[in-house]
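Quick notes on the structure that follows.
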Amino acid sequence: MIAWGQDTIDTLLLKLKEQQSIQRIYRAYFQNPATMTDWGKYRFSSVQTTYEGSDKQAYAQQYPEGHTAFSVKASSYFPYDSTRTLWGNASYINRTLKHIRWNESVDGELLYPYFTADAIGGDLHSEQYAFTGGFAKQWQRLHWGISLNYQAELASRDKDPRPKDITSQLQLQSGFMWKVMQWKMGVYGTFVKYTQSNELRFFNELGGPTVYHLNGLGYYNHLLKGNKLRAFYEGYGYGGGMAISRADDFFLTGDYHQLTIEKYMTDDNGIVAVTLTNRVLNTELTKLFRRAHYHYGFKLGYYQQSKKGVEPILSGRNNNWTEVIAKNKNYTLKCEQYQLGALFGFDNAVQYRIMPYVSYKTYREDYTLVRSFQHFDYMNVGMTISVVAPLGEKSIGVTGVQYRYRKVLHENYLLRNDRNEAELSAMLLHNARFLASDRQRFEVSLQYHHKLSPSLSYFVGFNSEIGVFTSQKVNTFHQFSLGLTF
């Protein structure tokens with residue numbers, strides 16, 4: 001069955017209920033583009049603008065202590081007929097990242113810890129563009145899908161030090177899904193191409209701060225310290241996953257992705273300053289027990305993220321350029337998380353979802369060239385509640401509440417403590433204390449949808465989050481959105 005428009009308030013209500021289920025329970029299942037034929041039964045498009053801001057008293061210094069952003073996004077899910085489905089979205093974000101130090105590169109989570117850095121830093125202004133498009137085709141028992149995603153960002157600062165960062169990432173995915181009686185089995189593959197050009201300039205005639213090309217845990221190669229102001233990151237990645245499901249009550253998914261990035265020193269004969277390999281493994285098992293108007297179940301998850309940094313041994317005997325004489329694997333980071341969650345849902349005129357969970361996480365970061373490490377163990381508990389309810393004949397409300405608590409079970413670190421690099425050492429200690437902090441997070445989200453005509457509705461949304469740390473420091477986040485659905 002394909003619905004060609006939103007003829008009644010009931011159709012919009014059903015679609016909002018579908019979205020809540022997908023976002024809260026089945027998100028991992030839809031990594032495979034071939035599964036997008038099961039995303040929903042109704043055509044659904046939206047255009048929205050969003051303003052958001054955050055302020056952080058507790059943060060890692062190599063990341064922003066807050067931000068402001070304005071964005072515009074358009075998205076569409078379009079079941080063309082009973083066998084073909086199209087979807088896509090496009091977005092633009094203009095944002096300011098507040099007071100970043102020791103990192104003049106963007107995409108910090110991806111490139112960490114191999115940043116171009118200085119002790120001054122400042123606010124960073126950026127513009128981001130993104131586009132996604134996909135197509136899925138269904139035959140009798142076979143589904144095939146393909147999707148393309150492109151993201152680009154330009155970031156800069158209008159006072160010294162003046163970085164100019166230009167990034168792009170292209171991702172191509174394709175997969176298949178087979179239906180055998182009540183069972184569905186799918187596999188997909190991913191290819192990624194990533195680049196970032198990174199350039200620093202100083203207009204002050206009196207000079208500028210020392211520029212570092214950091215390795216793991218605050219160490220660096222002295223031959224690259226000083227006035228090496230240009231670098232280029234280039235990476236290629238691959239990945240894939242599988243999914244098995246049965247009759248909307250059993251889901252087993254597994255995904256693996258790897259991206260290897262090399263940092264080239266443009267000012268120094270293009271030598272490779274590091275080869276950084278990022279790996280992510282994610283598996284989930286969800287089992288639901290359904291009754292007439294409610295369901296319950298459990299969710300098991302395992303997540304692993306790892307980084308490996310291979311660094312060169314450099315020689316400066318040649319006055320014209322630096323030479324690579326050997327390479328060593330000096331840096332590793334490995335995070336593992338085991339999670340158990342329960343699922344409770346009630347579906348009638350009003351939809352409720354309640355999901356408590358508990359997880360155990362380990363964080364192991366090591367630098368072996370000069371013995372240095374930071375190790376942490378965490379226990380996390382939390383709960384998510386969502387409600388979708390009609391508010392009269394033409395209005396719908398969507399509410400979400402989330403609570404998360406992180407307890408540090410064990411901490412141990414040995415970090416650089418160098419009088420000659422006192423600011424760099426202080427940054428490492430500051431970041432370690434941030435990682436060693438217990439924290440609580442409270443989040444509330446509200447959306448109000450109102451139908452203007454049989455095929456057009458508007459919505460307003462508000463989202464607020466507050467984080468409280470053991471040091472009595474508080475982080476806040478607020479978001480406002482306005483949009484149309486049709």
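With hydrogens and angles disregarded, no donor-acceptor distance shorter than 3.5 Å links the side chain of Asn328 to the backbone of Asn330. With Tyr367 contributing its side chain and Tyr219 its backbone, the two residues share no donor-acceptor pair below 3.5 Å. When atom types are taken as modelled, the side chain of Asn278 and the backbone of Lys307 share no donor-acceptor pair closer than 3.5 angstrom. Side-chain atoms of Arg290 come within 3.5 Å of backbone N or O of Asp248 as a donor-acceptor pair.
Counting heavy-atom neighbours within 6.0 Å of Arg433 CZ, excluding the residue itself, gives a total of 12 or less. Within 6.0 Å of the CD atom in Glu127, the count of heavy atoms belonging to other residues, nucleotides or ligands exceeds 12. Lys73 NZ: 12 or fewer foreign heavy atoms inside a 6.0 Å radius.
In this structure, the ring-ring contact (aromatic ring centres under 6.0 Å, His included) partners of His430, at least two apart in sequence or on a different chain, are Tyr59. For Phe346, there are no ring-ring contact (aromatic ring centres under 6.0 Å, His included) partners two or more places apart in sequence or in a different chain. The ring-ring contact (aromatic ring centres under 6.0 Å, His included) test applied to Tyr294 returns no partner, not counting sequence neighbours. The side-chain hydrogen bond (donor to acceptor under 3.5 Å, both in side chains) check on Ser126 picks up Arg95, Glu153, with sequence neighbours excluded. Applying the side-chain hydrogen bond (donor to acceptor under 3.5 Å, both in side chains) test to Gln61 and every residue at least two apart in sequence or in another chain returns nothing. For Phe459, the ring-ring contact (aromatic ring centres under 6.0 Å, His included) partners at least two apart in sequence or on another chain are His449.
Taking the six-membered ring where the residue is Trp, Tyr338 and Tyr302 present tilted rings, their angle falling between 30° and 60°.
When only modelled atom types and interatomic distance are considered, Glu421 and Tyr220 share a side-chain donor-acceptor pair under 3.5 Å. Side chain to side chain, His143 and Lys184 fail the donor-acceptor criterion of an N or O pair below 3.5 Å.
A cation-pi contact links Lys287 to Phe289, judged by a cut-off of 6.0 Å to the six-membered ring centre and 45° from its axis.
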